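As structure tokens, the structure follows; a few thoughts come after it.
Both backbone and side-chain heavy atoms feed into the values below; hydrogens, waters and symmetry mates do not. Bear in mind the structure is a predicted one, so any value in this text is a computation, not a measurement.
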Amino acid sequence: LGSVSVICSDKTGTLTQNRMTVEHCYVAGRSIPAAELDLRQDGPRQLLVYSMLCNDASDTDGVDLGDPTETALLHLGRALGLTAEMVRAQYPRLGEVPFDSDRKRMSTVHALPGGTRMVTKGAVDVLLQGTVAIQTKAGVRPLTLEDAEEIALQNLAFSREGLRVLAVAYRDVAEDFCPTAEDETDLTFLGLIAMMDPPREESQ
């Protein structure tokens, strides 16, 4: 340590604003800046809707309640014309497995256009362990080793930019399905969402 001349440290809310914002999404094999998301396309819209459903935050009347990572997803939806109230009223939550820091993921169940589905979001490496398929522009197919490597590389690229990355996946289930943590397997990968906590102006 005698040769150290500069020490950089970070504490959320001190050097940063503690206000997460979505920067990029990765869906259907391509990375899309958040500002360029087109909800007329099925992939981006599905990714955003699923991330707002598998989410415990709220932003009623401009007041954020919940984890900053989750409120960032609601802010993106609102900026693109989708509110949490609108999406959740259309697809009510039928069941859930709450987030757990050991599992690093959470799951919720909804009656969606594709049928009853369990939506899971969480850490990329953890979700990939339980993923067996991938959704592409051409449809759903088995997840290959090359697919997993490409997702891992995209996750690494986002991480190297200082972004926090969440993965979103789903699984088709029966109407009366009651989810448990053991059911977070046989998932279909949908996409990644990369966020950042902007630095305070005075810290730059």
query = Mind checking whether Arg40 and Arg45 have side chains closer than 4.5 Å, heavy atoms only?
reply = no
ask   = With a 4.5 Å heavy-atom cut-off, do Phe189 and Asp147 have their side chains touching?
value = no
query = Do Glu184 and Ser107 get their side chains close enough for a donor-acceptor pair, meaning under 3.5 Å?
reply = yes
task = Starting at CG of Leu153, measure out to OH of Tyr26 and round the result to the nearest 0.5 Å.
result = 9.0 Å
task = Please check if the side chain of Arg117 supplies one atom and the backbone of Val119 the other of a donor-acceptor pair under 3.5 Å.
result = no
inquiry  = Could you tell me if the side chain of Asp67 sits less than 4.5 Å from the side chain of Asp56, heavy atoms only?
reply    = no
ask   = Side-chain contact, heavy-atom cut-off 4.5 Å: Leu143 with Ile151?
value = yes
ask   = Do Asp59 and Asp64 pass the side-chain contact (heavy atoms from CB on, under 4.5 Å) test, and can you show the C-alpha distance, the side-chain angles, and the key distance before you say yes or no?
value = CA-CA 4 Å; Asp59 59 352; Asp64 292 336; 3.5 Å; yes
query = Between atom CG of Leu190 and atom OG1 of Thr188, what is the distance when rounded to the nearest 0.5 Å?
reply = 9.0 Å
key: Gap between atom CG of Leu166 and atom NZ of Lys104 - 0.5 Å precision   = 12.5 Å
query = Quick one: does Arg105's side chain have a donor or acceptor within less than 3.5 Å of a partner on Arg103's backbone?
reply = yes
ask   = From Lys137 NZ over to Gln41 CD, what is the distance, rounded to the nearest 0.5 angstrom?
value = 6.5 Å
inquiry  = Rounded to the nearest 0.5 Å, what separates atom CG in Leu145 from atom CD in Glu149?
reply    = 4.0 Å
message = Pair Glu23, Glu161 - check side-chain contact (heavy atoms from CB on, under 4.5 Å), show working.
response = CA-CA 10 Å; Glu23 295 291 313; Glu161 294 179 21; over 6 Å; no
request  = Check each of Leu47, Val168, Val22 against Leu73 using the side chain to side chain contact (heavy atoms under 4.5 Å, CB included) test, and report the only one that passes.
outcome  = Val22
request  = For Leu37 and Leu76, run side-chain contact (heavy atoms from CB on, under 4.5 Å): C-alpha distance rounded to whole Å, both residues' side-chain angles, the deciding distance at 0.1 Å, then the answer.
outcome  = CA-CA 10 Å; Leu37 280 178; Leu76 176 61; 3.8 Å; yes
task = Go through the steps for Arg171 and Thr185 under the test side-chain contact (heavy atoms from CB on, under 4.5 Å), then give the verdict.
result = CA-CA 8 Å; Arg171 171 183 172 182; Thr185 58; 3.9 Å; yes
query = When you look at CG of Asp186, are more than 12 heavy atoms from neighbouring residues, nucleotides or ligands closer to it than 6.0 Å?
reply = yes
key: Side-chain H-bond candidate by donor/acceptor type, Tyr170 with Gln135, under 3.5 Å   = yes
ask   = Backbone N or O of Met52 within a donor-acceptor pair of the Arg88 side chain at under 3.5 Å?
value = yes
Residue of the set Ile193, Val124, Asp125 for which side chain to side chain contact (heavy atoms under 4.5 Å, CB included) holds with Val165 = Val124
remark   = Rounding to 0.5 Å, atoms SG (Cys54) and CZ (Arg93) come to a distance of 7.0 Å
